[in-house]
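The chains referred to below are lettered A, B, ... by the order of the sequence lines, with proteins before strands, and numbering in each begins at 1.
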2 protein chains.
Amino acid sequence: MSLDHYFIQLANHKLKKTPKRIEILRVMNSKNTYFSPQELWAMLKEKFQKIGLPTVYRILQQFQEIGIVASIQKEDNQLYYFLCSIKHSHHHFICRKCKKVSCVEYCDFEQIKKSVEEQLQSKAETHFLQIEGLCKDCLES
Amino acid sequence: MSLDHYFIQLANHKLKKTPKRIEILRVMNSKNTYFSPQELWAMLKEKFQKIGLPTVYRILQQFQEIGIVASIQKEDNQLYYFLCSIKHSHHHFICRKCKKVSCVEYCDFEQIKKSVEEQLQSKAETHFLQIEGLCKDCLES
DNA sequence: TTGTAAACGAAAATCATTTTCATTTAGAAT
DNA sequence: ATTCTAAATGAAAATGATTTTCGTTTACAA
């Protein structure tokens, strides 16, 4: 996706188009993988002599708030971030080899919901589904 | 469930039946809800004059390793623990009102898997599903 | 009853994340 | 182009969950 899309979102939310923000968007947009704040920090340090880790955390949080970034939690209990502009409910497929994140627009939750509600006589309201496996590219190679 | 079941598991894994472990099992078994290590610590302090938070963490980890406890992560990025002895793949329904956790033994992952694999031409290997809502008891009251 | 590995408490360490505050900067207004 | 101001940033410290270390205690097998 073009960075312009993200710049528009920044403007829409009155977030300044700063060099650090641009670089984070550039790095994250260059691959579809997820990043830890530390990884992004390491990459930004190659470009900026002065760049603090809190800045990276702040920017990621803001990006999440304005809906251009989403996060996942792995087993290590750390948060990882990736670009994602989808607003409505959806799920993520994560490649265990290349770390690529793909959005899954369809999930037949109604089926699961029905099954759960019957089993437990409860009301299922929200659900969180995360799928891991091998992506197309990693399957082929 | 009777505590004896858990005592047998302790013995099977050569974990001693200590007062702290017994009390944690008693507390967790008294409700089917999830607990934070801090919550459990607070409850144990009522019974023991000397009880360290690391002990609670250690016991919970060991219980998870021997398969009598499972954990969930909430939005606050903290880990919560609850009694669960199911060995095979399953999912959890969490009541947002009373914090009760129920195991969901059925989930038609094949359907989801097929859909994801077709959409992304990838191979789905594992998945994590967590459902939130209102349990039977909270619905009725 | 005794020996020993396991369990524990206390204190400190770790590590991700957040806050504070003084300084700098993007971008709007002039 | 210059000025102004709120937003952004860096540095350092704080926070808070979780883990480690290590010396002492305890469960339980012999």
Side-chain angles (χ1 to χ4, degrees), chain A residues 3-4 6-27 34-66 68-81, chain B residues 3 6-26 34-66 68-81:
Chain A
L3 289 187
D4 288 339
Y6 302 112
F7 295 156
I8 291 167
Q9 293 307 313
L10 290 186
N12 284 349
H13 293 271
K14 303 203 200 312
L15 292 185
K16 292 176 183 173
K17 192 174 153 186
T18 67
K20 314 294 164 68
R21 288 192 180 134
I22 295 170
E23 181 63 10
I24 287 186
L25 286 173
R26 202 190 59 70
V27 167
Y34 59 83
F35 299 87
S36 70
Q38 284 80 358
E39 280 170 336
L40 287 170
W41 187 42
M43 297 173 90
L44 292 216
K45 278 196 285 194
E46 293 174 4
K47 195 153 213 153
F48 304 101
Q49 52 292 73
K50 286 186 154 203
I51 168 78
L53 189 49
T55 298
V56 178
Y57 274 97
R58 276 187 290 237
I59 291 177
L60 288 171
Q61 276 184 196
Q62 290 159 338
F63 285 3
Q64 190 163 29
E65 278 161 20
I66 70 174
I68 60 177
V69 149
S71 64
I72 50 170
Q73 265 180 334
K74 305 275 295 174
E75 321 73 46
D76 61 6
N77 298 353
Q78 280 188 242
L79 287 171
Y80 293 87
Y81 297 85
Chain B
L3 288 187
Y6 302 112
F7 295 157
I8 292 168
Q9 291 308 312
L10 290 185
N12 284 348
H13 294 273
K14 303 203 199 312
L15 292 185
K16 292 176 182 171
K17 191 174 154 187
T18 67
K20 314 296 164 66
R21 287 191 179 135
I22 295 170
E23 181 63 11
I24 286 186
L25 286 173
R26 202 190 58 72
Y34 59 83
F35 299 87
S36 70
Q38 285 79 357
E39 280 170 336
L40 287 171
W41 187 41
M43 298 173 88
L44 292 217
K45 278 196 285 194
E46 292 175 5
K47 195 152 215 156
F48 303 101
Q49 51 294 69
K50 285 186 155 204
I51 168 78
L53 189 48
T55 297
V56 177
Y57 274 97
R58 275 185 292 236
I59 291 177
L60 288 171
Q61 276 183 196
Q62 291 159 338
F63 284 3
Q64 190 162 29
E65 279 161 20
I66 69 173
I68 60 177
V69 148
S71 64
I72 50 171
Q73 265 179 335
K74 306 275 296 176
E75 322 72 48
D76 62 5
N77 297 353
Q78 280 188 241
L79 287 171
Y80 294 86
Y81 297 85

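Under the side-chain hydrogen bond (donor to acceptor under 3.5 Å, both in side chains) criterion, A/Gln38 pairs with A/Tyr57, not counting sequence neighbours.
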### Task
Output, in order, the C-alpha distance, side-chain angles, deciding distance and verdict of side chain to side chain contact (heavy atoms under 4.5 Å, CB included) for A/Tyr6 and A/Ile22.
CA-CA 9 Å; A/Tyr6 302 112; A/Ile22 295 170; over 6 Å; no
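Counting only residues at least two apart or in different chains, side-chain hydrogen bond (donor to acceptor under 3.5 Å, both in side chains) contacts with residues 10-21 of chain A comprise A/Arg21-A/Gln62. Sorted by first then second residue, the salt bridge (charged side-chain N to carboxylate O under 4.0 Å, His left out) pairs that include residues 38-62 of chain B, not counting sequence neighbours, are B/Glu23-B/Lys47, B/Glu39-B/Lys99.
Distance check: A/Leu40 CG to A/Thr55 OG1 gives 12.5 Å after rounding to the nearest 0.5 Å. Residue B/Leu15 holds its CG atom at 9.5 Å from CD1 of B/Ile59, rounded to the nearest 0.5 Å. For the atom pair CG of A/Leu10 and CD1 of A/Ile66, the computed distance is 5.0 Å after rounding to the nearest 0.5 Å. The CD1 atom of A/Ile24 lies 11.0 Å from the OH atom of A/Tyr81; values are rounded to the nearest 0.5 Å. Rounded to the nearest 0.5 angstrom, B/Lys74 NZ and B/Tyr34 OH are separated by 3.5 Å.
In this entry the distance linking CZ of A/Phe48 with C1' of C/dT24 reads 15 Å, nearest Å. Per the geometry, CD belonging to A/Glu75 stands 16 Å off C1' belonging to C/dA16, to the nearest Å.
Taking a heavy-atom distance under 4.0 Å as the criterion, the stretch of DNA chain D touched by chain A extends 5' to 3' from D/dA6 to D/dA12.
Side-chain N/O atoms of B/Thr55 include one lying less than 4.0 angstrom from OP1 or OP2 on C/dG9.
Results of the side-chain contact (heavy atoms from CB on, under 4.5 Å) test with B/Leu60 over B/Ser71, B/Pro37, B/Ser36 single out B/Pro37 as the only residue that passes.
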### Query
When you check every protein heavy atom under 4.0 Å of nucleotides 17-22 of chain C, what one-letter string (B, S, -) results, 5' to 3'?
BBBB--
### Query
How does protein contact run along nucleotides 25-30 of chain C, one letter per nucleotide 5' to 3', with B for base contact, S for sugar-phosphate only, - for none, heavy atoms under 4.0 Å?
-BS---
